[in-house]
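Here the structure comes first, spelled out in structure tokens, and everything after it is commentary.
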Amino acid sequence: MKMNELKLVYFSPTGTTRKVIMEAARNIDLKSVSFDLTVHKEKKPVLQFKKNDFVIFGIPVYGGRVPQTFLEYFDTLKGDNTPAALMATYGCREYEDALLELKTEVENRGFKVIGAGAFPVEHSIVRSIGLSRPNKSDMKIIADFGIQLNRRLKQGESFDGFNIQVPGNSPYRKYSRTPLYPKTDVSRCTECGACAKSCPSGAISSADPKKTNNKKCISCLKCVRGCKQKARYVNKFKLKMAQRKLTKVCQNDKAADIFL
């Protein structure tokens, strides 16, 4: 089968998942088109792919699961027995049911998974965990994953015989999240609205960007990282407690898991 295009469908609040998926894509000999689902859209884009497209889905792992915000876009997702690969990034704890959940969701919508990988990276909340990962060594592994996918695409006339197995349990673990909801220092906030525009879950109103809807917030802290006025912040005590808890269960030397 002659392949058409490489489609990159990803969710990357801190930019790390995007960095990982782009490194893999760089080693695949196809023209690529990106679908960045990080910026919240009330009207979901139509995501329909051809039989000879190759799609890579990239996500960060939240609490051992696929981010619910990402799955909201799957109502319009459709493949035609389209080959796909999965890439999950996680903050050096565990990825638990995330790959299995993502594999099930995409296969139920007409895709054939021919490869998957879980890659440890810098933790999005406690950045001292997995600091500066993916590092040079990690990027080499990610690049090699892309090379192997590229080789598979060139060799395979049909992908029907593939049955990639990934770890995970069904039913999936209950959704959980670290309850760190950003607040606003009103003395610094200029109401520029940058945080509202960039919020992946639509938790910040453009009409009043000083407020955060905690029910919608996914605690990705993108608004905290991106605020030029340093007006967005989280409770220091809660952050310290999260750091203490996560430091106990995370391992900085986690290795990538590749499933081909």
Side-chain angles (χ1 to χ4, degrees), residues 1 3-22 24-25 28 30-89 95 97-118 149 153 159-160 162 164 166 168 170-172 175 177 196-206 213 215-220 222-223:
M1 180 192 302
M3 303 306 296
N4 176 37
E5 287 184 329
L6 171 61
K7 313 288 190 176
L8 308 175
V9 181
Y10 59 90
F11 180 73
S12 184
T14 65
T16 306
T17 301
R18 182 185 185 278
K19 181 178 181 179
V20 168
I21 200 172
M22 289 299 175
I28 297 173
L30 291 171
K31 178 184 176 182
S32 66
V33 179
S34 294
F35 297 85
D36 184 353
L37 305 183
T38 310
V39 178
H40 180 72
K41 300 176 181 66
E42 290 293 343
K43 185 177 180 181
K44 308 307 181 190
V46 176
L47 302 171
Q48 296 189 358
F49 302 101
K50 302 174 183 177
K51 183 175 292 188
N52 61 341
D53 284 330
F54 179 50
V55 184
I56 302 182
F57 294 92
I59 58 147
V61 176
Y62 283 6
R65 297 282 303 275
V66 178
Q68 189 62 42
T69 307
F70 183 72
L71 292 178
E72 290 174 1
Y73 290 87
F74 276 38
D75 287 344
T76 60
L77 177 67
K78 186 177 181 181
D80 181 14
N81 204 31
T82 307
L86 316 175
M87 300 186 73
T89 61
Y95 56 93
D97 301 334
L99 273 182
L100 178 62
E101 182 180 16
L102 183 57
K103 180 175 182 285
T104 302
E105 292 291 339
V106 301
E107 288 188 337
N108 285 344
R109 289 166 175 81
F111 296 85
K112 185 66 177 179
V113 175
I114 66 169
L149 290 173
L153 291 171
F159 303 106
D160 293 339
F162 284 93
I164 302 297
V166 299
S170 182
Y172 310 127
Y175 264 111
R177 55 183 175 175
K197 291 178 182 178
S198 66
C199 179
S201 61
I204 305 172
S205 168
S206 57
N213 184 330
K215 291 183 178 180
K216 290 184 176 182
C217 179
I218 58 174
S219 300
C220 68
K222 184 176 184 180
C223 61

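- The 12-atom threshold is not exceeded at NZ of K78, counting heavy atoms of other residues, nucleotides or ligands nearer than 6.0 Å.
- The OG1 atom of T16 lies 13.0 Å from the CD1 atom of I21; values are rounded to the nearest 0.5 Å.
- Taking 4.5 Å as the limit, every side-chain heavy atom of S32 sits out of range of all side-chain heavy atoms of M22.
- Closest heavy-atom contact between L100 and S170: CD2-N, 4.3 Å.
- K51 approaches P83 most closely through the heavy-atom pair O-CD, 3.3 Å.
- Expressed to the nearest 0.5 Å, how far CG of D53 lies from CE of M3 amounts to 7.0 Å.
- A pairwise comparison of heavy atoms in P67 and Y175 identifies C-OH, 4.0 Å as the closest pair.
- Contact detail for Q48 and T76: the closest heavy-atom pair is CG-O, 4.1 Å.
- A pairwise comparison of heavy atoms in G115 and I164 identifies N-CG1, 3.8 Å as the closest pair.
- Atom OG of residue S198 and atom NE2 of residue H40 lie 12.5 Å apart, to the nearest 0.5 angstrom.
- With hydrogens and angles disregarded, a donor-acceptor distance shorter than 3.5 Å links the side chain of K112 to the backbone of F162.
- A donor-acceptor contact closer than 3.5 angstrom links the side chains of D36 and T38.
- F70 and F57 have perpendicular rings, their planes meeting at more than 60° on a 0 to 90° scale where under 30° would count as parallel.
- The CD1 atom of I114 sits 6.0 Å away from the CG atom of L149 when rounded to the nearest 0.5 Å.
- Proximity of C223 to I204: side-chain heavy atoms (C-beta onward) are separated by under 4.5 Å at one or more points.
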Check: Given L77 and F49, is the side-chain contact (heavy atoms from CB on, under 4.5 Å) satisfied, shown in steps?
Finding: CA-CA 8 Å; L77 177 67; F49 302 101; 3.7 Å; yes
Next item on the list: Mind running side-chain contact (heavy atoms from CB on, under 4.5 Å) on V9 and Y73 for me, showing each step along the way?
Entry: CA-CA 10 Å; V9 181; Y73 290 87; over 6 Å; no
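- Judged by distance alone, with hydrogens and angles left aside, the side-chain atoms of Y10 form no donor-acceptor pair with the main-chain N or O of V20 at under 3.5 Å.
- Two residues are said to be in side-chain contact when any heavy atoms from C-beta on lie closer than 4.5 Å; F74 and L47 fail this criterion.
- In this structure, the separation between CG on N81 and CG on D160 is 5.0 Å, given to the nearest 0.5 Å.
- The closest side-chain heavy-atom distance from Y62 to C220 is below 4.5 Å.
- S12 contributes a side-chain N or O that, together with a main-chain N or O of T17, makes up a donor-acceptor pair within less than 3.5 Å.
- Within the 4.5 Å cutoff, no side-chain heavy atoms of E5 are placed close to those of L30.
- Closest of all the heavy-atom pairs between A118 and L99 is CB-CD1, 4.1 Å.
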Margin query: Between E101 and L71, is the side-chain contact (heavy atoms from CB on, under 4.5 Å) condition met? List the steps.
Written below: CA-CA 10 Å; E101 182 180 16; L71 292 178; 3.6 Å; yes
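- For the pair K216/C199, no side-chain contact is recorded, criterion being any heavy-atom separation below 4.5 Å from C-beta on.
- Of the possible polar contacts, none joining the D80 side chain to the T82 backbone as a donor-acceptor pair under 3.5 Å is found.
- The local environment of NZ in K197 is sparse, with at most 12 non-hydrogen atoms from other residues, nucleotides or ligands closer than 6.0 Å.
- Taking CG from L153 and CG from L6, the interatomic distance works out to 8.5 Å, rounded to the nearest 0.5 Å.
- Counting heavy atoms from C-beta outward, L102 and V113 have side chains that stay 4.5 Å or more apart.
- Using modelled atom types, one finds no donor on one side chain facing an acceptor on the other under 3.5 Å when comparing T69 with S201.
- In this structure the side chain of V66 never reaches within 4.5 angstrom of the side chain of Y172, judged on heavy atoms.
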